[in-house]
Amino acid sequence: MNCLAIEQRGEVLVVDCGVTFDDRRLGVDVVHPDFTALERYRIAGLFVTHGHEDHIGAIPYFLRRFDAPVYGPRYALGLVRERAADHEILDHVDMREVTPRQRVKVGSFEVEPVRVTHSIADATALAIRTDAGLVVHTGDFKFDAAPPDGEEFDVARFEELARDGVSLLLSDSTNVDAQGPTGSEQAVAGALEPIVAAARQAVVVALFASNVHRLRIVGDIARRHGRKLVMLGRSVATHARVARAVNRATGEHAGAPYLEWPTDLVWPVDRAGELPRSAFLGVATGTQGEEAAALARLARAEHPALELAPGDVVVLSSRVIPGNESAVLRVMSELLRRGVELRSWWSDRAVHVSGHAHREEQRRMIELVRPRAFVPVHGTLHHLWRHAALARELGVAQVCVLENGDVGELDVAGVRKIARAHAGRVHVFAHRALAPTVLHERAGLACRGTAHVVVQLDDRGRLAGEVVLVTRGVVDEATDAHVLAHARSEATTALEELADGGGHGGAIDEAAVVAAASQAVRRAFARVLGFKPVTTTTVLRVRR
Ligand SMILES: [Zn+2]
Ligand SMILES: [Zn+2]
């Protein structure tokens with residue numbers, strides 16, 4: 001959920017505007033940054049470094065609040081266009097394409113994208129000229145010596161920037177704990193090809209849909225081995241479509257689309273059944289074990305395009321993002337039960353390389369830029385601290401760790417933390433923000449279920465008829481009827497006591513009735529089950 005605001009003279013340049021996801025299964029579609037803190041400034045523009053969701057996904061939400069131009073590399077803007085169309089705001093978005101080494105004025109800032117390599121095409125760092133000197137933001141990067149699209153890391157430009165003098169470097173911290181070289185995307189081709197070559201039946205490669213380099217590699221392999229690509233999952237289809245529709249702005253292949261696939265390479269998913277198994281090369285989403293994604297559906301034999309069988313090969317060309325291990329292992333178990341040959345990073349290290357610089361490459365970046373001050377970005381606090389320590393080790397004079405919401409100030413003396421800004425997360429469901437109270441209630445409902453009590457009272461405040469109790473997600477109402485009966489009788493007793501002790505001469509205190517019924521039911525459940533469901537009570541007035 002990357003989003004950085006750089007402010008000078010009362011105006012703000014926003015760098016990246018991404019989303020994240022909520023893994024608590026509370027029906028949250030997406031999480032975006034809370035933009036409240038930006039409201040007191042004039043927004044000069046939003047600049048994106050590359051097209052990954054954690055850098056562009058929140059742009060539609062941002063543009064609902066702020067009227068600002070969006071700058072970025074062509075491929076990223078192609079993806080922003082897709083998002084904007086989904087949100088029906090495409091007509092209102094002012095998108096301005098920029099190419100590496102092109103300097104653009106954004107308010108009082110001057111911004112220049114610099115080519116870097118990463119697990120998506122058209123990734124850039126940003127060189128930002130500010131009142132406090134030159135700021136370099138790496139975006140997400142790794143040093144890939146042989147990028148599959150031929151767009152090489154512009155080391156020479158970083159050297160020139162270093163010679164000009166860099167006041168502040170902000171750099172990607174994700175893989176600070178990883179030793180050894182990151183590895184080239186091209187090496188993945190070398191690992192995937194023999195697997196496909198040896199396969200006699202269907203092959204499915206699961207990958208991060210946004211990795212255009214990997215899509216290109218899989219497409220090349222399909223061509224060489226007489227297979228057709230079948231796009232399994234919406235996001236691989238979207239990314240493949242954008243990559244075939246957007247023409248490259250720079251490099252040797254300028255003018256040609258990012259993916260130059262012949263029209264007959266991609267086989268329509270709805271006709272997958274007509275394809276011989278030996279010609280099937282599926283590209284699937286769902287490498288993180290997401291239940292609704294193509295890979296999990298294939299594993300459960302619920303995907304209409306293919307029923308996996310012994311002899312088929314499934315390759316997880318991916319890494320497991322920490323926190324997703326059990327979901328991924330669950331999907332892997334299902335795949336193994338289908339009898340498929342399963343290849344993954346665990347069995348075949350080379351089927352995946354990361355898009356983020358390992359420690360040695362982070363070191364190389366700091367040595368390349370030689371900044372006066374350093375702020376690590378993109379990682380948990382642990383990653384930021386480790387990356388900060390690395391910068392100190394390398395002799396950077398000023399190192400400052402900033403967490404979400406921290407305000408750092410850069411001047412001639414360096415950078416330091418000076419304040420806190422309002423920062424937080426906005427949880428979105430069905431295109432609407434969920435209030436924190438709603439999210440809290442959902443958590444309660446998911447964990448403890450709900451009980452609803454209906455109390456009928458006559459006009460003297462006496463119980464008229466039986467107390468009704470309905471539960472969801474609490475007990476099996478058929479087999480545990482006695483638990484419900486117990487709770488109902490506790491509620492009845494509490495209400496009778498309330499009526500007896502009331503002496504209110506006809507005036508019924510409904511709030512007291514609601515409280516007594518709810519409390520009695522919650523206590524009854526707590527005694528028998530050990531937990532209290534989310535309980536609501538309705539009072540019905542019965543006239544005779
Ligand atoms: Zn990225
Ligand atoms: Zn990222």
Side-chain angles (χ1 to χ4, degrees), residues 1-5 14-21 30-33 46-59 62 72-80 82-83 100 113-126 136-144 147-149 151 153 169-178 182-185 188 207-216 235-236 238-239 242-243 258 285 287-288 317-324 352-358 361-362 365 375-384 387 402-404 425:
M1 198 170 66
N2 297 281
C3 190
L4 173 79
V14 178
V15 176
D16 288 336
C17 194
V19 291
T20 188
F21 298 94
V30 76
V31 182
H32 70 76
L46 165 62
F47 225 107
V48 300
T49 56
H50 65 291
H52 274 148
E53 278 292 286
D54 59 327
H55 298 259
I56 64 163
I59 290 176
F62 177 85
R74 185 181 288 181
Y75 189 66
L77 293 189
L79 294 166
V80 171
E82 291 281 323
R83 295 282 163 285
V114 183
R115 169 68 69 231
V116 295
T117 45
H118 183 42
S119 50
I120 192 168
D122 217 3
T124 61
L126 299 177
V136 172
H137 187 301
T138 64
D140 292 1
F141 77 98
K142 69 174 185 181
F143 287 97
D144 191 332
D149 62 357
E151 295 265 339
F153 200 114
L169 172 68
L170 301 120
S171 185
D172 172 6
S173 311
T174 315
N175 274 342
V176 70
D177 295 319
T182 312
S184 172
E185 270 299 319
V188 176
L207 42 67
F208 294 110
S210 59
N211 193 333
V212 191
H213 303 315
R214 196 85 45 100
L215 283 176
R216 172 197 301 276
S235 63
V236 279
T238 303
H239 279 275
V242 172
Y258 280 91
T285 52
T287 60
Q288 301 308 305
S317 180
S318 56
R319 184 181 67 96
V320 181
I321 295 168
N324 297 338
H352 176 70
V353 294
S354 173
H356 296 270
H358 288 188
E361 288 159 53
Q362 292 173 344
M365 175 60 87
V375 170
V377 293
H378 210 307
T380 67
L381 189 56
H382 159 75
H383 298 106
L384 303 183
H387 202 183
L402 298 173
E403 281 198 83
N404 288 336
R425 292 165 176 249

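Since we're looking at a predicted model, the values are computed, not measured. As the structure lists them, so they are numbered: ligands from 1, and atoms in each ligand from 1.
When the shell of 6.0 Å around CG of Asp177 is examined, it contains more than 12 heavy atoms from other residues, nucleotides or ligands. The neighbour count for Arg425 CZ, taken as heavy atoms of other residues, nucleotides or ligands under 6.0 Å away, does not exceed 12.
Taking the six-membered ring where the residue is Trp, the centroids of His378 and His55 are separated by under 6.0 Å.
Phe208 pairs in a side chain to side chain contact (heavy atoms under 4.5 Å, CB included) with only one of the listed residues (Arg214, Glu53, His352), which is His352. Results of the side chain to side chain donor-acceptor pair (under 3.5 Å) test with Asn211 over His52, Glu185, His239 single out Glu185 as the only residue that passes.
The distance cut-off of 2.8 Å around the Zn ion (ligand 2) captures these protein N, O or S atoms, sorted by chain and number: Asp54 OD2, His55 NE2, Asp140 OD2, His378 NE2.
Using a 4.5 Å heavy-atom threshold, the side chains of Asp16 and Leu4 count as separate.
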